[in-house]
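Read the structure below first, then the notes.
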Amino acid sequence: MLTPEEIKKNAGLYAADLVKQGMSFGLGTGSTVYWLIQELGKRVAEGLEIRAIPTSLQTVQLAREAGIPLADLNDIDSFPLAIDGADEIDPNGQLIKGGGGALLQEKIVAAAADKLVIIADESKLVSKLGAFPLPVEVIPFGYRQVTRRILDSGLCREVKLREKNGQPFITDHHHYILDCKFEAIEHPLFINAAFENITGVVETGLFLGMASQAIVGYADGRVEVIQFI
Ligand code: 5RP
């Protein structure tokens, strides 16, 4: 049986074949994407010409270290592919993302790409979203009011300000993250719209109707491609 890291590595390596010569593509964030970056770095050193549109500062740093050229989203009219990780994937390809705090830029890049491919280990497959607390990115100013609005609306049962080293976690775009706990998210479209209706909310970690496929690694060494759209 493979270790969790080996499973992620298998998914990342499999996805590297989707990135073709001359391609600009969205490059996600997280420990599974890490392996994709390492593999693409090797291929760039062997002559593969690509440009990555990064989804976080962490990915900018890793891509630079691996020697992968970067592109600014504002300089690209269209691009065929974004590859990213996920925290939960339901059978319809609906996702929770943002465990690493990069959901806003990840969502902007995913929305701009023709196709979003998710890479993950089998633990991310769920029958229903919501066991993983939903990350919601908010403006720091008045975030306690936003927290109250969320709880008063009965949208979820608990809201926790994400912290790092005892201080509020600050996103790449200088916002806070509220991790919102549910029993389960029965109606993701409704929940997403309800959160986005609250002034002060920037974006939620619900990625709905965005993923085309998931490349999923298993402990027995298999890699499965699940098609959604
Ligand atoms: C970061 C994300 C990540 O893609 C998600 O948390 C999955 O990460 P990992 O591959 O490390 O499990 O959404 O904001």
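One-based numbering, in listed order, for ligands and for the atoms of each.
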List in chain and number order the residues that pass side chain to side chain donor-acceptor pair (under 3.5 Å) with Gln145, two or more places apart in sequence or in another chain; answer none if no residue qualifies.
none
What residues, two or more places apart in sequence or in another chain, satisfy salt bridge (charged side-chain N to carboxylate O under 4.0 Å, His left out) together with Glu5?
Lys8
Straight-line distance of Trp35 CH2 to Asn10 CG, nearest 0.5 Å:
10.5 Å
Cationic N near anionic O, under 4.0 Å, [X] to [Y]:
X	Y	result
Asp179	Arg162	yes
Lys9	Asp121	no
Lys128	Glu88	no

Evaluate [X] for polar contact with ligand 1, using N/O atom pairs at a separation under 3.5 Å.
X	value
Gly30	no
Val33	no
Lys8	no

Under 4.0 Å between heavy atoms, the region of Ala86 that gets near ligand 1 turns out to be backbone
For ligand 1, is there an atom lying under 4.0 Å from some heavy atom of Gly28?
no
Could you tell me the residue and atom name of the protein heavy atom closest to [atom], and the distance to it rounded to 0.1 Å?
atom	result
atom 10 (O) of ligand 1	Thr32 OG1, 2.6 Å
atom 2 (C) of ligand 1	Glu106 OE2, 3.3 Å
atom 6 (O) of ligand 1	Asp87 OD1, 2.7 Å
atom 12 (O) of ligand 1	Lys124 NZ, 2.5 Å

Relative to Phe207, does Lys97 satisfy both conditions: NZ or CZ under 6.0 angstrom from the six-membered ring centre, and within 45 degrees of the ring's axis?
yes
In ligand 1, the atoms that come under 4.0 Å of a heavy atom of Gly85 are 4 (O)
